[in-house]
Amino acid sequence: MKSDCIRTTICQERKKDPIEMLHSGQLVKVCAPMVRYSKLAFRTLVRKYSCDLCYTPMIVAADFVRSIKARDSEFTTNQGDCPLIVQFAANDARLLSDAARIVCPYANGIDINCGCPQRWAMAEGYGACLINKPELVRDMVKQVRNQVENPRFSVSIKIRIHDDLTRTVDLCRKAEATGVSWITVHGRTAEERHQPVHYEAIKIIKENMSIPVIANGDIRNLKEAKNVWHITGTDGVMVARGLLANPAMFAGYEETPLKCIWDWVDIALELGTPYMCFHQHLMYMMEKITSRQEKRVFNALSSTSAVLDYLTDHYGI
């Protein structure tokens, strides 16, 4: 948690309230939590292109609370970085509430990751295994509600679905009764990876909820986002890989415009983004606009100056 950025960010009146946005009846466009990728620089970029709400990458709450080093490396923000949701991996109500209290002055809310299907997360009791532990989810939500004094601070959950959808609906109802602000539903089970997303399941969950629901899964452009929004009747859509490939997709661009690439270079250099991250984002953004030979050359570049020279030579940037 970088103090030089944080000091200017304490803001009791966070500019836009995501709960109000999700009750507006308008499509709320959300950048998903993405490990390594949805950091401050990328959030700054997608906000320039019509993204309404951003999540941090998933942060392990226990490490965040116990280690200053973890806080410095995992959470950086600034005054323009809002509305912002900090996503935590947690399996302990006290540690989660401690983490929430730390980030409360700098964010609009926290989200509990109940959807990550990776083996390491499940083995630690994080992520998608929590959809089978509704009592633990309830305890974590209640503890955060009790410990964070700001009534506008949101507490949300991001889940996957069960094979038996009645169990998912039951989980969501219990979460709603506990005081969850909204629920994001990735329309696959914990075992599914590349199978089609079950949008009908998201629709059924939404029909059983009074609180907002955000749909997530395989949305690659603005047309698809609007289609999923209409099909599911949800209050917003969350996008991960689609935004990596085209950070301007919410503004209606079918592929990454050159101006967006230029904006990324400016933002990343200004915020001191590490080279690996800077380069990797460009590889994702340029996937559709480069030939196989160009990809080979660009992906092999090993310095910021080499990247800038390449972009100048090939695109006049």
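Put simply, the side chain of E294 gets close to the backbone of S291: a donor and an acceptor are under 3.5 Å apart. Side-chain N or O atoms of T256 include one that pairs as donor or acceptor with a backbone N or O of A245 at under 3.5 Å. Side-chain atoms of R188 come within 3.5 Å of backbone N or O of Q195 as a donor-acceptor pair. Proximity of a side-chain donor or acceptor of D235 to a complementary backbone N or O of H23 within less than 3.5 Å is not detected. Checked by atom type and distance alone, the side chain of R160 never pairs as donor or acceptor with a backbone atom of A128 at under 3.5 Å. A donor-acceptor pair is defined here as one N or O able to donate and one able to accept, closer than 3.5 Å; no such pair exists between the side chain of D218 and the backbone of V197. In this structure, the side chain of W229 engages the main chain of T234 through a donor-acceptor pair within 3.5 Å. Counting only distance, with no hydrogens or angles, the side chain of E287 and the backbone of Y284 share no donor-acceptor pair below 3.5 Å. With D81 contributing its side chain and T77 its backbone, the two residues share no donor-acceptor pair below 3.5 Å.
In this structure, K206 and I214 have side chains that are not in contact, with every pair of non-hydrogen atoms separated by 4.5 Å or more. Counting only heavy atoms from C-beta outward, the side chains of K226 and L27 approach each other to under 4.5 Å. Residues I202 and H198 are not in side-chain contact: their nearest non-hydrogen atoms beyond the backbone lie 4.5 Å or more apart. Between D63 and E74 there is no side-chain heavy-atom pair separated by less than 4.5 Å. Side-chain contact between S67 and K69: present, with at least one pair of heavy atoms (C-beta onward) separated by less than 4.5 Å.
Side-chain contact annotation: D111 with S156, donor-acceptor N/O pair under 3.5 Å present. Between R220 and N246, the side chains place no donor N or O within less than 3.5 Å of an acceptor N or O (distance only, hydrogens not considered). For the residue pair H279 and N299, no side-chain donor N or O sits within less than 3.5 Å of a side-chain acceptor on the partner. Between the side chains of Y49 and D263, at least one donor N or O sits under 3.5 Å from an acceptor N or O.
Applying the 6.0 Å contact sphere to CZ of R119 captures no more than 12 heavy atoms from other residues, nucleotides or ligands. Within a 6.0 Å sphere centred on NZ of K295, heavy atoms belonging to other residues, nucleotides or ligands number more than 12. Y199 OH: more than 12 foreign heavy atoms inside a 6.0 Å radius.
Here I205 contributes atom CD1 and I183 contributes atom CD1; the two are 8.0 Å apart, rounded to the nearest 0.5 Å. To the nearest 0.5 Å, the span separating CE on M238 from SG on C31 amounts to 8.5 Å. Taking SG of C54 as the start and CZ of R47 as the end, the distance is 4.0 Å to the nearest 0.5 Å. Atoms CD1 and CG, from I161 and L171 in turn, are 12.0 Å apart once rounded to the nearest 0.5 Å. To the nearest 0.5 Å, atoms CG (L282) and CH2 (W264) are separated by 7.5 Å. Distance CZ/R152 to CD1/I19: 8.5 Å, rounded to 0.5 Å.
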Show every donor-acceptor pair shorter than 3.5 Å between a side-chain atom in residues 174-181 and any protein atom, with sequence neighbours excluded, or say none if there are none.
from	atom 1	to	atom 2	distance (Å)
K174	NZ	D170	OD2	3.2
E176	OE2	S210	N	3.0
E176	OE2	I211	N	3.3
T178	OG1	K174	O	2.8
S181	OG	R145	NH2	2.9
S181	OG	V155	N	3.0
S181	OG	V155	O	3.4

Side-chain donor/acceptor pairs under 3.5 Å, residues 89-99, sequence neighbours excluded:
from	atom 1	to	atom 2	distance (Å)
N91	ND2	E124	O	2.7
D92	OD1	R94	N	3.0
D92	OD1	L95	N	2.8
R94	NH1	D98	OD2	3.3
S97	OG	A93	O	3.3
S97	OG	R94	O	2.8
D98	OD1	R101	NH2	3.3

Pair V239-M249, side chain to side chain contact (heavy atoms under 4.5 Å, CB included): steps then yes or no: CA-CA 10 Å; V239 179; M249 66 161 274; 3.8 Å; yes
What's the verdict on side chain to side chain contact (heavy atoms under 4.5 Å, CB included) for F250 and L243, showing C-alpha distance, side-chain angles and the deciding distance? CA-CA 8 Å; F250 282 145; L243 278 174; 3.8 Å; yes
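L53 and L84 get closest at one heavy-atom pair: CD1-N, 4.4 Å.
For S302, the side chain to side chain donor-acceptor pair (under 3.5 Å) test picks out no residue, with sequence neighbours left out.
Below 30°, between 30° and 60°, or above 60°: for H281 and F42 the angle between ring planes is below 30°, a parallel geometry.
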